[in-house]
Amino acid sequence: MALSAEQSGRLARLLTEHADRLTARWTEIVAGSLRGRLSQAELARQARELHRSIIDAGQHGLRDLADEHGGELRAVLAELSASRARQGFSATETAISVFALKDALLELMEQSRDADTLRDFVAYSALIDQMGLFTFESFVRTREGLIADQAEQLLELSTPVVKLWEGVVAVPLVGTLDSARAQVVMERLLQTLVDTGSPYAIIDITGVPAVDTQVAQHILKTVVAARLMGADCIISGIRPQIAQTIVALGIEFGDIATKASLADALRHVLRLTGVETATRRARRES
Amino acid sequence: MERVPILKIGDILLVSIQLDMSDQTAIQLQDDLAERIVATGTHGVIIDITALDIVDSFVGRMLSTIASISKVLDAETVVVGMRPAVAITLVELGLSLNGIRTALNVERGMELIAASRADEWDEADADEDAETTATP
């Protein structure tokens, strides 16, 4: 329990009485910490909004930030920290936006010297600490959301399925292949096979830095799934070193066609589909 | 009882499974199909499972059985239209549809059957040629 109902009422009155002075001082402190990366007008607006929602909550007899009267205050704080997080401010800079209120209040209250005021200030200070912690938590939540979004975007960016020829699609894999990515690659490839009706797929692993048993397992699963759907997969881009690793690890690719380069794989598919290239015709005619 | 319709397109029988298979419907389908293969003298059966969200071991076994029956009656079976999610699940479960040929869609399935028929004819022709040259 941060403060009593009377205390929160007093806080609301205090904030109302000294509204202009408080918000001005508050804006000043926050502006100092942010070093001009946010406009004064914007800061003043945020300070006023926060100020008003604290007064509202105080008038309803707010006792703890987590109770029902704190709903709007929490929403304002969450919005503030979310906007700070998105604009790239640090956690400290975001927290100061709330803790600045404590400094502003202290300057206001230190003039009177009686014990009650001191007790009030300690209680207010506890409330502001709660607000600060809440802000910090929402800040972290927003940041984590951003990171998750970016990871997802990265996943999409890194797994394109390209059409090489009529009825031939290719997946150039770049980077380490973990379970999550392998899953995305598999789903994307199979969906593309259905959408384009391509009976041949080439998985190019030139950009995969290392192939271990797990990666091989993922690739094999993809190939088997494609076969179940009626498409054939060819693996290409196996570098000499990786070929050695594959043999050393005892990974069996079975009857899956493997080619050294993407060009070889494409030529192999074209031969299977009966497309005649100029060089082959020339060779046959000579 | 629900029955799975069997459509004749050219010299191919098309079976499109669009309902959840039970023991009864599966047996009925096998009976119907065997009869139709004999009656029409067809050489290709296409089973379309585009509408199936779930392919479990039961459906897998049914497909295998149908393929075996058709093979005995000299008809080739191609399973078409398996969804990516279904394929992934089958792989994760370690189920494989042994002895069943697959194609991406009905069109590809028909091409596949036509191609394998053509191969057979070629071989038959080659055999005939060999015989005629052997006995002048």
Side-chain angles (χ1 to χ4, degrees), chain A residues 159 161 163-171 177 179-203 214-235 252-256 269 271-275, chain B residues 12 14-17 44-57 59-64 67 76-116 118-119 122:
Chain A
T159 53
V161 180
K163 183 177 170 184
L164 276 191
W165 204 272
E166 200 57 56
V168 187
V169 293
V171 202
L177 204 63
S179 297
R181 239 191 105 197
Q183 189 72 23
V184 173
V185 170
M186 192 197 270
E187 280 171 16
R188 184 91 34 101
L189 174 62
L190 298 184
Q191 193 55 52
T192 314
L193 289 177
V194 173
D195 294 344
T196 60
S198 310
Y200 291 101
I202 300 172
I203 301 175
Q214 208 189 357
V215 173
Q217 189 67 25
H218 290 316
I219 295 175
L220 285 177
K221 271 186 187 170
T222 311
V223 176
V224 173
R227 280 207 179 154
L228 274 177
M229 289 172 54
D232 240 338
C233 279
I234 292 118
I235 299 167
E252 284 284 337
F253 276 120
D255 54 346
I256 299 164
V269 172
R271 193 174 299 141
L272 286 179
T273 49
V275 175
Chain B
I12 288 172
L14 175 63
V15 183
S16 184
I17 300 177
V45 176
I46 292 178
I47 304 173
D48 175 37
I49 57 168
T50 316
L52 285 189
D53 280 326
I54 300 161
V55 171
D56 50 12
S57 53
V59 177
R61 204 188 60 217
M62 181 196 76
L63 293 175
S64 295
E76 189 166 359
T77 310
V78 181
V79 173
V80 303
M82 187 185 289
R83 294 190 185 189
V86 170
I88 292 172
T89 316
L90 283 179
V91 172
E92 295 292 343
L93 288 175
L95 291 174
S96 58
L97 304 175
N98 281 326
I100 299 180
R101 300 183 73 177
T102 50
L104 285 173
N105 47 42
V106 176
E107 207 176 346
R108 297 272 176 203
M110 290 168 90
E111 281 172 16
L112 196 66
I113 288 176
S116 67
D119 285 352
D122 285 350

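Throughout, a chain's letter reflects where its sequence line sits, starting with A, and its residues are numbered from 1. What's counted below: heavy atoms across the whole structure, side chains too, no hydrogens, waters or symmetry copies.
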*Asks:* Does atom CD1 of B:Ile54 have more than 12 heavy-atom neighbours from other groups under 6.0 Å away?
*Replies:*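 No, the 6.0 Å shell around CD1 holds no more than 12 heavy atoms from other groups.
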
*Asks:* Is there a side-chain contact between B:Ile17 and B:Met62 (heavy atoms, below 4.5 Å)?
*Replies:*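 Touching, per the 4.5 Å side-chain cut-off.
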
*Asks:* Are there donor-acceptor pairs under 3.5 Å across chain A and chain B? List atom names and distances.
*Replies:*
unit_1, atom_1, unit_2, atom_2, d
A:Gly197, O, B:Arg108, NE, 3.0
A:Gly197, O, B:Arg108, NH2, 2.9
A:Lys221, NZ, B:Glu92, OE1, 3.2
A:Arg227, O, B:Thr102, OG1, 2.6
A:Leu228, O, B:Thr102, OG1, 3.4
A:Met229, O, B:Leu104, N, 3.4
A:Gly230, N, B:Thr102, OG1, 3.0

*Asks:* With sequence neighbours excluded, tell me which residues meet side-chain contact (heavy atoms from CB on, under 4.5 Å) with A:Ala225.
*Replies:*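 Counting only residues at least two positions away or on another chain, A:Ala225 forms a side-chain contact (heavy atoms from CB on, under 4.5 Å) with A:Leu190, B:Ala87, B:Val91.
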
*Asks:* Can you tell me how far CD1 of B:Ile113 sits from CD1 of B:Ile12, rounded to the nearest 0.5 angstrom?
*Replies:*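 Between B:Ile12 CD1 and B:Ile113 CD1, I get 4.5 Å after rounding to 0.5 Å.
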
*Asks:* For B:Leu90, what residues pass the side-chain contact (heavy atoms from CB on, under 4.5 Å) criterion, not counting sequence neighbours?
*Replies:*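 Checked B:Leu90 against side-chain contact (heavy atoms from CB on, under 4.5 Å); matches are A:Leu228, B:Val55, B:Met82, B:Val86, B:Leu95, B:Leu97.
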
*Asks:* Is any side-chain heavy atom of A:Leu177 closer than 4.5 Å to a side-chain heavy atom of A:Ile219?
*Replies:*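 Yes - at least one pair of side-chain heavy atoms lies under 4.5 Å apart.
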
